[in-house]
Amino acid sequence: MKILIVEDEIQLTDALSELLKRNMYSVDTFYNGIDGLDNALTGIYDCIILDIMLPGMNGLDVLNNLRAEKINTPVLLLTARSEIDDKIKGLDCGADDYLTKPFVTGELLARIRALTRRKGEFVDENKFEYNNLVLHKNTCSISCNGNNIKLSLKEYYIMEMLIANHGQILPKERIIEKIWGSENDIEYNNIEVYISFLRKKISSISAPVQIKTARGIGYFLE
């Protein structure tokens with residue numbers, strides 16, 4: 001999953017980014033509201049962590065702009081203020097949840113899991129499954145019927161996207177945006193290399209799953 005952090009406290013932002021990366025999230029960080037909004041408008045994120053007090057544009061204005069543009073990405077507001085009025089304003093602007101700084105990192109992770117969970121669905125956050133193929137978050141590996149093999153971080157992110165979107169074609173452009181970011185110079189053959197590695201690893205554990213190519217478009221699981 002891809003998380004956007006918009007927070008002007010650099011130390012806090014770096015600490016949160018490192019925490020999320022250790023928990024297998026892909027993370028982008030920005031330190032002002034204008035850059036945060038520009039990137040949030042791409043719609044590529046699974047969750048946005050947004051501070052209220054930001055230079056350039058405050059968090060509530062960022063949130064208002066996002067919702068006006070029909071970007072429904074879950075937003076977790078961070079604020080140093082504890083007054084109830086600020087929380088009410090944030091929720092009325094379209095925030096999905098809030099945390100008052102300072103907070104416990106375990107609570108932050110739990111709230112992110114809750115925001116990114118499908119409504120009404122219980123999810124084991126440490127694994128994703130498709131047709132007996134299991135992707136393990138805590139070991140960065142895939143397994144099937146007792147066979148297990150490690151993945152690189154990029155392979156893990158691609159596999160997670162494919163499982164989350166099984167039954168759909170995942171465009172190459174979407175993979176690039178999600179994993180490498182919108183401002184990059186990666187070429188399509190880089191993705192093809194990772195897909196080739198994943199195919200070999202899936203085959204090596206005898207999983208009844210294949211990564212198929214939709215020519216000129218992208219990839220899907222079958």
* Asked: How far apart are the C-alpha atoms of Tyr194 and Leu198, what are their side-chain angles, what is the distance that settles it, and do they pass the side-chain contact (heavy atoms from CB on, under 4.5 Å) test?
  -> CA-CA 6 Å; Tyr194 282 104; Leu198 279 172; 5.5 Å; no
* To do: Give a yes or no answer on whether the side chain of Asp97 reaches the backbone of Leu77 with a donor-acceptor pair at less than 3.5 Å.
  => no
* Asked: Hey, is the main chain of Thr13 close enough, under 3.5 Å, to the side chain of Ser17 for a donor-acceptor pair?
  -> no
* To do: In sequence, state the C-alpha distance, the side-chain angles, and the governing distance for Arg67 and Asp96, and then conclude on salt bridge (charged side-chain N to carboxylate O under 4.0 Å, His left out).
  => CA-CA 12 Å; Arg67 297 312 187 219; Asp96 298 273; 3.0 Å; yes
* To do: State, yes or no, whether a side-chain contact exists between Asp8 and Met53 at a heavy-atom distance under 4.5 Å.
  => no
* **Check: Asn39 side chain, Asp35 main-chain N or O, donor-acceptor pair, under 3.5 Å** => yes
* **Smallest separation among heavy atoms of Leu63 and Gly90, with atom names** => CD2-O, 3.6 Å
* Would you give the length of the straight line joining atom SG of Cys144 to atom CG of Leu135, rounded to the nearest 0.5 angstrom? => 13.0 Å
* To do: Using a strict cut-off of less than 4.0 Å between a Lys/Arg side-chain nitrogen and an Asp/Glu carboxylate oxygen, indicate whether Glu9 and Lys101 qualify as a salt bridge.
  => yes
* More than 12 heavy atoms of other groups within 6.0 Å of Gln210 CD -> no
* Can you check whether Leu109 reaches Leu20 side chain to side chain, under 4.5 Å on heavy atoms? -> yes
* Non-hydrogen side-chain atoms of Leu4 and Val6 separated by less than 4.5 Å -> yes
* Asked: Is a side-chain donor or acceptor of Asn165 paired with a backbone partner of Met161 at a separation under 3.5 angstrom?
  -> yes
* Show the numbers, then the answer: is there a side-chain contact (heavy atoms from CB on, under 4.5 Å) between Ile49 and Glu7? => CA-CA 8 Å; Ile49 300 173; Glu7 163 65 66; over 6 Å; no
* **Minimum heavy-atom distance Met24-Tyr157, with the two atoms named** => O-CE2, 3.3 Å
Taking distance alone, no hydrogens or angles, what donor-acceptor pairs closer than 3.5 Å link side-chain atoms of residues 215-222 to residues at least two apart or in another chain?
none

* Asked: Looking at side-chain heavy atoms only, is the closest gap between Leu99 and Glu107 below 4.5 Å?
  -> yes
* Check whether any side-chain heavy atom of Leu78 sits under 4.5 Å from a side-chain heavy atom of Leu50, and report yes or no. => no
* Take Lys172 and Glu192, measure what salt bridge (charged side-chain N to carboxylate O under 4.0 Å, His left out) needs, and give me the verdict at the end. => CA-CA 9 Å; Lys172 291 180 180 180; Glu192 290 163 7; 3.2 Å; yes
* Indicate yes or no for a side-chain donor-acceptor contact from Ser204 to the backbone of Lys201 under 3.5 Å, with no hydrogens or angles considered. => yes
* Contact check, side chains of Asn131 and His166, non-hydrogen atoms, under 4.5 Å -> no
* Find the distance between CD1 (Ile195) and CG (Leu162) and round it off to the nearest 0.5 Å. => 5.5 Å
* Worked check of side-chain contact (heavy atoms from CB on, under 4.5 Å) between Asn64 and Leu66 -> CA-CA 5 Å; Asn64 276 322; Leu66 280 179; over 6 Å; no
* To do: Verify the distance criterion only: is there a donor paired with an acceptor across the side chains of Thr213 and Arg199 at less than 3.5 Å?
  => yes
* Asked: Do Tyr98 and Thr79 touch side chain to side chain, with heavy atoms closer than 4.5 Å?
  -> no
* Asked: Going through the checks in order, is the side-chain contact (heavy atoms from CB on, under 4.5 Å) test met by Asn148 and Ile205?
  -> CA-CA 6 Å; Asn148 188 284; Ile205 59 172; 5.8 Å; no
* To do: Kindly indicate, with the supporting measurements, whether the criterion salt bridge (charged side-chain N to carboxylate O under 4.0 Å, His left out) is fulfilled by Glu177 and Lys2.
  => CA-CA 10 Å; Glu177 284 184 331; Lys2 193 171 185 68; over 6 Å; no
* Indicate, with yes or no, if Val134 and Val209 share a hydrophobic cluster defined by side-chain heavy-atom contacts under 4.5 Å among Ile, Leu, Val, Met, Phe, Trp and Tyr. => no
* Asked: Less than 4.5 Å apart, any side-chain heavy atom of Ile142 and any of Lys150?
  -> no
* Check: Pro55 main-chain N/O paired with Tyr31 side-chain donor or acceptor under 3.5 Å -> no
* **NZ (Lys89) with more than 12 external heavy atoms under 6.0 Å** => no
* **For the student: nearest non-hydrogen atoms of Ser141 and Thr139, plus distance** => OG-OG1, 2.6 Å
* To do: Spell out, as yes or no, whether a donor-acceptor pair under 3.5 Å connects the side chain of Thr73 to the backbone of Asp46.
  => no
* Asked: Distance-only, no hydrogens or angles: does the Lys178 side chain make a donor-acceptor pair with backbone N or O of Ile44 under 3.5 Å?
  -> yes
* CD of Glu160 to OG of Ser26: how many Å apart, nearest 0.5 Å? -> 9.5 Å
* Sidechain-backbone polar pair: Asp61 side chain, Met57 backbone, donor-acceptor under 3.5 Å -> no
* To the nearest 0.5 Å, what is the distance between CD1 (Ile112) and CG (Asn23)? -> 8.5 Å
* Structure fact -> d(Leu54 CG, Leu37 CG) to nearest 0.5 Å is 11.0 Å
* Say you draw a straight line from CD1 of Ile158 to CZ of Phe197; how long is it, rounded to the nearest 0.5 Å? -> 10.5 Å
* Asked: Does a side chain donor of either Asp28 or Tyr45 reach within less than 3.5 Å of an acceptor in the other side chain?
  -> yes
* Asked: Taking the six-membered ring for Trp, are Tyr156 and Phe128 parallel (under 30°), tilted (30 to 60°) or perpendicular (over 60°)?
  -> perpendicular
* Asked: Would you say Ile169 and Ile202 are hydrophobically clustered, going by side-chain heavy atoms of ILVMFWY under 4.5 Å?
  -> no
* Asked: Is Glu155 reaching over with its side chain to a backbone N or O of Ser152, donor-acceptor style, under 3.5 angstrom?
  -> yes
